[in-house]
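Quick notes on the structure that follows.
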Amino acid sequence: MGVPDMDELSFTDSQLHYYVKDALKSAIQGDCDFYNQLVAVMHRKERLSAADVALLVTCLKALTGAVSCIDISHHKSLLAAILRMSLWDYGTDVMDALTDALESLASSNGEHVNLCLEMLVSNFVPPSAYFEKHRGPSKKSEVLDRVHSTLIDIANVVPLSPMILEKLVRDKMPHVYVKEQPIVMYVESMLRLESGAMGELVGSMALIVLMDKLIELDVEIAWKDILEDDFQKDVFDFELEDLAGPADNFNQENKDYTREASMQRFCTGNHAEKLDSLMVLTFEHLQCCYETGRLVQVFEILLQSFRITVLTAYKSKFAQFVMFYACSLDPENCGKLFADALADIFVNGVHPEWRMSAVAYLASYLARAKFLPIPLIATMLERVVDWCSKYCKNRGSDINPKAHKVFYAGCQATMYVLCFRMKQMLALPRLKSQLKLMQIDDILGHPLKPLQVCLPSIVDEFLRQVKENRVCFLPERLADQDFLESEHSTVFGGIEKQGMFFPFDPILLANCDRYIRPNYVYWSMVRSSYDEEGTSDEDVADAYDREDGMSIPDEEESDADEFIPGFEKMSITPRDSSHRFGGRMPSKIRPSMSPESL
Amino acid sequence: MAGLEECEANLVVYLHPSKANCPSDAILSELSSLLFTYNETFGGVVLAYDPSIRSNLAKIVPGTFPCFGVQLKAKLLLFNPKPDMVLEGEVVKLTPNSIHAVVLGFSSAVIADDDIRDEFKHKVKGGEEVYVSRTHRKHKIKVGAILRFTVKSFDEEILHISGSLLAPHTGGARWLDKNTDEWSRVDSTATKRDTDKLLINVDTSMKNGEQIEKPKKRRREQS
């Protein structure tokens, strides 16, 4: 029987099926003519005519039927040719034929499973030429729909394939230095696996790998890109929001300190953009999980990952907002879970740095999460205060920032939370008495002198608020006490400045900000509740309710004439230099000008 | 079903000191790392284990970090299909050239068209693919049915079985059970259906994350 010419196309499907089988068997014997022609067909990629496409499809279909004859060692070139094909390069006919062939190949022989799965996973991301050609979104869904359905079909026939898939997906995750689009597309597919039929099997791996990648990108962004330290004595920065008010001297020198400018300054960096896109993708995914009722299970995996990677990472910048967003979707379950977990680590943990990190997270979270009910915040605060109280009860020793750093961290956390929430707590009589019973002034007045060790700006603001609210059961500031940076507070937290970590400070990633904003407490909201005279309880609540963080009340509000002068409607917190020090709470702490600053 | 064996093994599990306060959890997780992988020492795929810890005392082994070794006896359920064994699995996919089934929920079995006897013809009825016997019209193989087949080979890496439907006692399990007289005349060799119960005394030691040592194994006798 002569070897038919592939280009003739004059035989039926079943004839071709027979010829292909024959070719494969002959190739094992050494007769490779027809076999080589088959391989050549598989290599055709560019500018395929309709006839070429038909030939390719027919050959693939014939191979699909003949997979039992494919031998991994004798048919290396054929397998290599098929596995090198990328679905992105072809039309839907070839895609269908190719995925059928892959499924058949994977089901026929255990040796092929790994190769087929690997090929499908590589198809999560198109070849680099694809991005330059600007193809439409329909191509993407054509390819990815087929890839994912083939993975599921293979899993139905080879039940252990998800085990291999899990490992493959984890190993083939792109490196952080890869361009943004490929990483985003890969993560999209990973999340699709998580929410798909195989979610129970590969989902937790997908989430953990994602969190790891977020932290990897986060770590690549240098702190120095966010904070500038040519700022003199003023340790604090202002809440960086868009400013529309008149520029004062202060402003003019430091035009860069608007939030937009800050966002712009480092968002042009590659890693920040990638992180931004990936986090938005994660937020959207969490939203879907919430809508399908899976958020709590997903959250538990995220929390596990948080404990291991984010908490222990050195001052993670933005990755933690994934937890924040998840909590905002479901405050009763996830919101509470997160706070409890952080409090547990602080109270019961073993490693001092991680305990300090946990309480910093807790403080920042309780202060900034608009969706948390005030009673819960009070309860969490009580846990922290209880621990501090027990710690210092039988200790008479003197001030020592290094030895008692966990205690000082706890005190600072308490004060920080109260700076944001004091007014709200005092407004409710039950919480006011709960606060009284915590006996915070005993702790703060202890010989360990936490007020001298904790960050001066926080101590300052705390005492100022105590005075303003006329709270008798919290420590008073003596007239001549002025909390400037003492050597103790610089030492606090060690070289790494653990004492200056406010993880949920306003996020500087532009796209993420849109998701976080409605659930976030801005300092301006807190300030506005003080700046308006005769504020009632409702006004306090109102101030916090403003979605956009602007401190301007509506036109309908009666005390609309308490505006600070120079302020325009619908613009935001004005820059008022008289309030520069002590009048404002730092929303973003920057290191002071000292050799050890970052 | 053939291919399933029960064995009893004497094991020593070495645990890291950090697991000292919850050794039973650590032991269970160590044993579960054996599941669904082919183990040469035991001679099969471990499907289930039932440990019984003999004593509360454990030997501390000196090393870079001191591990402590817990001795235990475990009953293991092993799966080790050998050629010519008869197995049963659920059909998951039918194509004109192959039949795919899943054995015990985890092992993929495939029967290629060369191994399907000519008696069976592939048809598409009402959109559904089915293999029908030419001689007995009621003998059908459909998706979801239980298939009985003989083992040709077993891939220990991916736990993939290659099977055959050439023998007359293979095919749709339900029909075969109901119509034993139709095919048993043709087939003279009896099929083994009983589980082989063996007692193997295997002295093995398993270390955390280390290779399993080659044990001293007594020769197994087939019943």
Side-chain angles (χ1 to χ4, degrees), chain A residues 12-14 16-18 20-22 24-25 28 60-72 97 99-118 149-150 152-168 197 201 348 350-351, chain B residues 17-18 20-21 32-39 45-47 79 81 87 89-116 121-122 124 129 143-144 147 149 151-166:
Chain A
T12 63
D13 277 358
S14 53
L16 182 61
H17 175 77
Y18 173 77
V20 165
K21 250 186 155 168
D22 198 48
L24 293 169
K25 288 184 180 152
I28 299 179
L60 281 170
K61 284 192 176 152
L63 278 168
T64 306
V67 278
S68 51
C69 303
I70 294 182
D71 178 75
I72 201 166
T99 48
D100 284 342
L102 285 172
E103 206 188 305
S104 194
L105 206 55
S107 348
S108 68
N109 195 330
E111 293 173 325
H112 300 148
V113 173
N114 215 313
L115 296 169
C116 294
L117 290 178
E118 207 179 320
S149 65
T150 312
I152 292 174
D153 289 340
I154 293 178
N156 282 334
V157 181
V158 185
L160 291 176
S161 62
M163 247 169 62
I164 304 176
L165 182 65
E166 189 186 29
K167 191 172 180 301
L168 272 172
L201 302 167
N348 300 319
V350 172
H351 203 280
Chain B
S18 63
N21 60 339
S32 59
S33 69
L34 289 176
L35 291 175
F36 297 112
T37 42
Y38 184 85
N39 193 303
V45 181
V46 181
L47 296 185
F79 180 60
L87 295 181
E90 186 190 330
V91 178
V92 287
K93 187 173 161 189
L94 293 172
T95 70
N97 306 108
S98 59
I99 297 178
H100 300 266
V102 170
V103 176
L104 291 174
F106 75 93
S107 179
S108 172
V110 66
I111 298 140
D113 55 359
D114 289 342
D115 296 315
I116 304 174
K121 188 174 143 99
H122 175 261
V124 180
E129 301 199 50
V143 171
L147 182 78
F149 59 94
V151 177
K152 260 177 76 178
S153 66
F154 179 56
D155 182 335
E156 290 159 6
E157 289 262 345
I158 181 72
L159 311 182
H160 203 112
I161 302 172
S162 172
S164 125
L165 285 177
L166 293 171

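As the structure is a prediction and not an experimental result, all values here were calculated from the model. Per chain, numbering begins at 1; letters A, B, ... match sequence-line order. Computed from heavy atoms alone, side chains included, the values below leave out hydrogens, waters and symmetry copies.
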- In this structure, are over 12 heavy atoms from other groups packed under 6.0 Å from A:K61 atom NZ?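 It does not: A:K61 NZ has 12 such atoms or fewer within range.
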Please tabulate, one pair per line, all N/O donor-acceptor pairs under 3.5 Å involving side-chain atoms of residues 153-164 of chain A, not counting sequence neighbours.
| residue | atom | partner | partner atom | Å |
| --- | --- | --- | --- | --- |
| A:S161 | OG | A:V158 | O | 2.9 |

- For B:D115, is it the side chain, the backbone, both, or neither that has a heavy atom closer than 4.5 Å to a heavy atom of chain A?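 Neither part; nothing is under 4.5 Å.
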- Query: Is any side-chain heavy atom of A:E103 closer than 4.5 Å to a side-chain heavy atom of B:T95?
  - Reply: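 They are not in contact (no side-chain heavy atoms under 4.5 Å apart), so the answer is no.
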- Message: Within the structure provided, determine whether B:N97 and A:S68 are in side-chain contact (heavy-atom separation under 4.5 Å).
- Response: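 Result no, sub-4.5 Å side-chain heavy-atom pair not found.
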- Any donor-acceptor pair under 3.5 Å from B:H160 side chain to A:S107 backbone: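 Flag set: sc B:H160 to bb A:S107 pair under 3.5 Å.
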- Residues that A:E118 engages under side chain to side chain contact (heavy atoms under 4.5 Å, CB included), provided they are two or more places apart: A:N114, A:L168, A:K172
